[in-house]
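Lettering follows sequence order; numbering is per chain, from 1.
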There are 2 protein chains.
Amino acid sequence: MSKTKVHRLGDLQLKIMKVLWDSNEATVADVHQSLAGERDLAYTTVATMLRKMEARGLARHRVDGRSFVYRPAVGSDAVTRGMSDHLLDRLFEGNLADMVSHLLTTREVSREELSKLEKLIAERKKSL
Amino acid sequence: MSKTKVHRLGDLQLKIMKVLWDSNEATVADVHQSLAGERDLAYTTVATMLRKMEARGLARHRVDGRSFVYRPAVGSDAVTRGMSDHLLDRLFEGNLADMVSHLLTTREVSREELSKLEKLIAERKKSL
DNA sequence: CTTCATCTACTACCTTGGTAGTATTACCAG
DNA sequence: CTGGTAATACTACCAAGGTAGTAGATGAAG
């Protein structure tokens, strides 16, 4: 089991993962392109990061001509889950209700969003 | 406006902050003591970390005899908020409902917790 | 063949969190 | 006064994220 620690992704790594998840396969140039505007990084920065990420088990690559084509090695679900869990544990000692309640009480939520959540909770309750 | 970036606290730093929040004032020895068992750190490790944290604006200290008495310089609210927001932005592009819904759908929640949340949402809705 | 663009590889830094040893200081017991 | 103890200060590392320059290889254009 590789047990890739998927709960500690830096900002850049996460952004890169998102590109990979969206495109499923991407060359360094593709990723660099996708990130342009938002972040103005050197091409080599992206390349280096991708190599590091592969070493960490976050991505894999295959060779196409002279280029490396990267693809994600972990799913976005696992990452989202891992990172959320990490925060949940660290901040709320694993108490989910505490976390949700904190989220809900400390910021703006529209009536629509609340209704959506109400529906979600109702559904969830039924399936217990 | 010190603008202390309060969204990136390491595991140890957060644990230390929790001790400070709980005790309001604590010496290095106190913190070290509080952490013992859970984590077996050298006394100097705690001392160093506290010094670093003070440099980062997370804590302050006053002198009592030969000892430093530390107190938090940022509230637990701000930290909880900052860290949650950071994750919310990074993972869910700031969409709160998405985050809550992810939390609710990907793990176990008891009927009681769901009811609690329902109530919370109802309250929230009223005050809009 | 030569030149140029394009890739990857390697190396190098910087920052921050984490961890801890050594040095120094200062107080306290005898 | 003399040890010993307990504090902080200083220094030193390591790992990981982030950033990028330089070198070397290779393919394409002329």
Just grab all the ring-ring contact (aromatic ring centres under 6.0 Å, His included) pairs involving residues 9-33 of chain B, residues at least two apart or on different chains.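 Passing the test, one end in residues 9-33 of chain B: His32(B)-Tyr43(B).
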
Going by heavy atoms in the side chains, are Leu12(A) and Leu41(A) under 4.5 Å from each other? yes

Any salt bridge between Arg39(A) and Asp11(A), counting N to O under 4.0 Å?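 Looking at Arg39(A) and Asp11(A), the cut-off is not met.
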
Strictly below 4.0 Å, N to O, side chains only: are Arg124(A) and Glu108(B) in salt-bridge contact? no

Please work out which residues in residues 10-18 of chain A have a non-hydrogen atom less than 4.0 Å from an atom of DNA chain D and list them by number. Gly10(A), Asp11(A), Leu12(A), Gln13(A)

Which two nucleotides bound the region of DNA chain D that has atoms under 4.0 Å from heavy atoms of chain A, read 5' to 3'?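 Endpoints of the contacted stretch of DNA chain D: dA16(D) to dG27(D).
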
If you assign Lys52(A) and Arg8(A) each to the DNA chain C nucleotide with the nearest heavy atom, which residue ends up on the more 5' nucleotide? Lys52(A)

Does either side chain, that of Lys116(B) or that of Ser101(A), offer a donor lying less than 3.5 Å from an acceptor on the other one?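 No, no side-chain donor-acceptor pair sits under 3.5 Å.
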
Counting distance only, does the side-chain N/O of Ser110(A) pair as donor-acceptor with the main-chain N or O of Glu113(A) below 3.5 Å?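 Looks like yes, one N/O pair under 3.5 Å.
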
N/O contacts under 3.5 Å, protein versus nucleotides 4-9 of chain C?
from   : atom 1 : to       : atom 2 : distance (Å)
dT6(C) : O2     : Arg66(A) : NH1    : 2.4
dC7(C) : O3'    : Arg66(A) : O      : 3.4
dT8(C) : OP1    : Phe68(A) : N      : 2.8
dT8(C) : OP2    : Tyr43(A) : OH     : 3.1
dA9(C) : OP2    : Arg51(A) : NE     : 3.3

Non-neighbouring partners of Lys15(B) that pass side chain to side chain donor-acceptor pair (under 3.5 Å), sequence neighbours left out: none

Might you confirm whether atom NZ of Lys125(B) has over 12 heavy atoms from other residues, nucleotides or ligands at distances under 6.0 Å? yes

Sequence neighbours excluded - salt bridge (charged side-chain N to carboxylate O under 4.0 Å, His left out) pairs with any residue from residues 43-62 of chain A: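 Residue pairs passing salt bridge (charged side-chain N to carboxylate O under 4.0 Å, His left out), neighbours aside: Glu25(A)-Arg62(A).
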
What contact category does Leu41(A) fall into here, base, sugar-phosphate, or nothing, at under 4.0 angstrom with non-hydrogen atoms?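 Sugar-phosphate contact only.
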
Checking Thr80(A), Val79(A), Leu58(A) against Leu14(A) for side chain to side chain contact (heavy atoms under 4.5 Å, CB included), the one that qualifies is Val79(A)

